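Here the structure is laid out as structure tokens; the discussion comes afterwards.
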Amino acid sequence: LKEENAVLRSKINKLQILSETQADKMRKLVKKLEENKIKEEKEAQDLEAMVQHVEQNLQLMTKRAAKAENSAAKLRQENAQLQAELRNCRLEKEALWAGQAGLAAAKQNAEVALQHLLQVTTSSRASIRQLLSGAESLQLIADLLKSIDRISEVSEDGQ
């Protein structure tokens, strides 16, 4: 009985040592499990923070893209307006060049007309001088004829 008791005690001691070893392993595993849980929770929080950061960046980039699209649309519209204005300026320039050509032709025509007017004025002055000279000659002849008439009247009276 003592031997059995000793064998049983020995078994009990071995079982207690085994139990303590397993309990120790169990505590280590529980501790490791808790550490892993904490690590996973931290990783999940970090991942959630990263997802939120990415979402914020995505929203910001979406806003920037919308702003850029609006800006591009405004620039396209402004470009179209500037192109139309450029076409109008070119047409106006061509019209001005055509007007200047017409103005140059009108100026040349006016110069020719001025030369003709000067020639006509010069020749009409000469004609007026001739007319005045002829009128003076006619006046002189008329005066002579009157004188002759008087002389012949006096002669007829005095005979």
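Keep in mind that what you see is a predicted model, and the values were worked out from it rather than measured. Residue numbers count from 1 along this sequence.
- Through chains of ILVMFWY side-chain contacts below 4.5 Å, L114 is grouped with L118.
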Side-chain donor-acceptor pairs of residues 28-54 under 3.5 Å, sequence neighbours excluded:
{"unit_1": "K42", "atom_1": "NZ", "unit_2": "D46", "atom_2": "OD2", "d": "3.4"}
{"unit_1": "H53", "atom_1": "NE2", "unit_2": "N57", "atom_2": "ND2", "d": "3.3"}

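- Around atom CD of Q115, more than 12 heavy atoms belonging to other residues, nucleotides or ligands sit under 6.0 Å away.
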Per-pair distances, 0.1 Å, donor-acceptor, side chain in residues 74-84, under 3.5 Å, sequence neighbours excluded:
none

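- Among pairs with a residue in residues 9-25, none fulfils side chain to side chain donor-acceptor pair (under 3.5 Å), at least two apart in sequence or across chains.
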Can you give each donor-acceptor pair under 3.5 Å made by side-chain atoms of residues 124-145, sequence neighbours left out, with the distance rounded to 0.1 Å?
{"unit_1": "S124", "atom_1": "OG", "unit_2": "V120", "atom_2": "O", "d": "2.5"}
{"unit_1": "S124", "atom_1": "OG", "unit_2": "T121", "atom_2": "O", "d": "3.1"}
{"unit_1": "S127", "atom_1": "OG", "unit_2": "S123", "atom_2": "O", "d": "3.1"}
{"unit_1": "S137", "atom_1": "OG", "unit_2": "S133", "atom_2": "O", "d": "3.0"}
{"unit_1": "Q139", "atom_1": "NE2", "unit_2": "D143", "atom_2": "OD1", "d": "3.4"}

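- E94 has its side chain within reach of L91: a pair of non-hydrogen atoms, C-beta onward, lies under 4.5 Å apart.
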